[in-house]
Amino acid sequence: MFFDSLASFPNRRAPAIHLAHMSDPHLPPPHIPWTSFFNKRLLSRTLWRSKRRHILRPDITHQLVEDIASHKEIRAVLISGDITNFGTKEEYKQAATWLKGLPVSPVIVPGNHDFMAPIAHKHSLAQWEEWSDKTFPFVRFFGKVAVIGLNSALPTLPFTAYGLINKKQRNNLARLLAELGKEGYCRVVMLHHPPRKGLLPYRKSLINTSRLSKILRTYGAELVLHGHSHDATLTTVEGTDIPLLGVSAAAMDSHIISRKASWNHLSFTPHTKGWHIAVQRIDATGHVFAQMEWDSSSSLRPVNVHS
């Protein structure tokens, strides 16, 4: 059984649980030896120097994090990958320092940039276990909200950035979803690559979307969070009615509202038939540019959407 020692079984008069969701901060890299770039990272470094460093700005990420911290009701910030740019051991170490310094406790999963090339576990995810776990999937509890982290990231060939949820993760996810569902938890699944075709080209997609979707459709989940697309979207997991929520890159300097740096303010409130879920999309200046809400027991119907 999986439980939060501080939570009782579903109390339908319980107050809302508030969490933040952000993604893709792409922290500026520290000094990295040239030997780390004798692989796919060299192409990414070229793109970083020519373009990405000008539109992925750390000052915007800092402003966004400060805005999250101003919301004192937030219990944790969920970060859905791409904390680094090239996935080197120097960046993992720098990112660990950044994560420790965040004003709100983080929960993280890796992204494709965090696994751009093969890297030893001790130099990579072992550095971040405090905010994820030794293996995936893992669970973090916030009252009766259970956040389940998946790892869809793996090294791929140049010009590709696809993801995969392997069989072991899928089997363990099925078990978690089933048991947590029986115990009345609101199940929030987080991964980097969105499990839906069409949000990204195939070379950047979750290539076994159908297998993950089948598990989610069979065992259920109340919400799935993703990053990777650098786009603020609300759709559904392919082949299901489960809401699929994306967010723009936390460092992104853009005039396009859906791609401008933002974060999702998530509120989960229990009710007699499930969970009421509310989302506010907030940019780095604190401006709320969209609001959506729905009940987990009904089809996804965002309301009160505005810009």
Side-chain angles (χ1 to χ4, degrees), residues 2 4 17-25 68 74-83 95 99 102 104-115 125 128-154 163-166 169-170 172-174 176-177 180-181 185-196 199-200 206 209 212-213 215-216 219-238 240 242-250 262-268 275 277 279 281 296:
F2 302 88
D4 177 1
I17 299 294
H18 302 280
L19 302 172
H21 170 222
M22 62 178 277
S23 194
D24 299 73
I68 292 174
I74 296 293
R75 298 270 299 268
V77 55
L78 313 180
I79 306 177
S80 50
D82 278 2
I83 298 174
L99 290 164
L102 288 177
V104 181
S105 178
V107 178
I108 65 174
V109 296
N112 58 290
H113 278 262
D114 304 318
F115 274 96
L125 289 182
W128 295 355
E129 285 180 9
E130 181 179 345
W131 309 285
S132 57
D133 212 326
K134 294 180 182 296
T135 59
F136 295 85
F138 65 85
V139 187
R140 290 287 188 278
F141 295 100
F142 303 95
K144 293 300 296 186
V145 176
V147 177
I148 304 170
L150 293 172
N151 181 7
S152 62
L154 72 166
L164 179 76
I165 301 297
N166 63 31
Q169 283 195 77
R170 297 196 307 271
N172 287 334
L173 175 64
L176 282 171
L177 291 174
L180 291 169
Y185 283 93
C186 180
R187 299 157 297 176
V188 179
V189 177
M190 179 169 64
L191 72 166
H192 187 63
H193 296 77
R196 183 179 180 89
L199 294 180
L200 290 160
L206 187 72
T209 286
L212 178 61
S213 296
I215 288 170
L216 292 167
Y219 298 97
E222 281 60 56
L223 180 63
V224 177
L225 306 175
H226 72 87
H228 192 40
S229 64
H230 293 192
D231 215 351
T233 54
L234 177 61
T235 56
T236 54
V237 173
E238 189 153 314
T240 80
I242 299 170
L244 177 63
L245 187 67
V247 68
S248 52
S262 65
W263 63 282
N264 291 323
H265 184 296
L266 311 174
S267 299
F268 305 91
W275 292 84
I277 300 173
V279 179
R281 295 197 187 279
S296 62

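Any value given below was found using the heavy atoms of this structure, including those in side chains, with hydrogens, waters and symmetry copies removed.
- Put simply, the side chain of V109 reaches to within 4.5 Å of the side chain of F138, judged on heavy atoms.
- Listed by chain and residue number, S80, N264 satisfy the side chain to side chain donor-acceptor pair (under 3.5 Å) test with H21 (two or more places apart in sequence, or in another chain).
- When all heavy atoms are compared, the tightest approach of L150 to L212 is CD1-CD1, 4.3 Å.
- In this structure the side chain of L206 never reaches within 4.5 angstrom of the side chain of H192, judged on heavy atoms.
- Shown here are the side-chain contact (heavy atoms from CB on, under 4.5 Å) partners of E130, two or more places apart in sequence or in another chain: K100.
- Distance alone, capped at 3.5 Å, is enough to place a donor-acceptor pair between the D82 side chain and the H113 backbone.
- In this structure, the side chain of S213 engages the main chain of E238 through a donor-acceptor pair within 3.5 Å.
- Looking only at side-chain heavy atoms (C-beta outward), L225 and V247 stay at 4.5 Å or farther from each other.
- Between I277 and L266, every side-chain heavy-atom pair lies at or beyond the 4.5 Å cut-off.
- The two residues D24 and G227 come nearest to each other via the heavy atoms OD1-CA, 3.7 Å.
- Considering CD1 of I68 and CH2 of W263, their distance stands at 5.5 Å, rounded to 0.5 Å.
- Panel note: side chain R140, backbone A76; no donor-acceptor pair is recorded below 3.5 Å.
- The heavy-atom pair separating R75 from F142 by the smallest distance is NH2-CA, 3.7 Å.
- Heavy atoms only, all atoms of each residue included: Y185 and G143 are closest at CE2-O, 3.7 Å.
- In terms of modelled atom types and a separation under 3.5 Å, the side chain of Q169 and the main chain of N151 share a donor-acceptor contact.
- Taking 4.5 Å as the limit, every side-chain heavy atom of T236 sits out of range of all side-chain heavy atoms of I242.
- Rounding to the nearest 0.5 Å places CG of L199 at 8.5 Å from CG of D231.
- Annotation: the span from N166 atom CG to F136 atom CZ amounts to 11.0 Å, rounded to 0.5 Å.
- With rounding to the nearest 0.5 Å, the separation of OG in S23 from CD1 in I83 is 8.5 Å.
- Residues H226 and T233 have side chains in contact (heavy-atom distance under 4.5 Å, counting atoms from C-beta outward).
- Summarising the geometry, atom NE2 belonging to H193 is positioned 7.5 Å from atom CG belonging to L154; distances are rounded to the nearest 0.5 Å.
- Within the 4.5 Å cutoff, side-chain heavy atoms of L125 are placed close to those of F115.
- For the pair V188/L19, no side-chain contact is recorded, criterion being any heavy-atom separation below 4.5 Å from C-beta on.
- Side chain of N112 to main chain of G163: no donor-acceptor pair is present (N/O by atom type, distance under 3.5 Å, no hydrogens or angles).
- To the nearest 0.5 angstrom, W128 atom CH2 is 15.0 Å from D133 atom CG.
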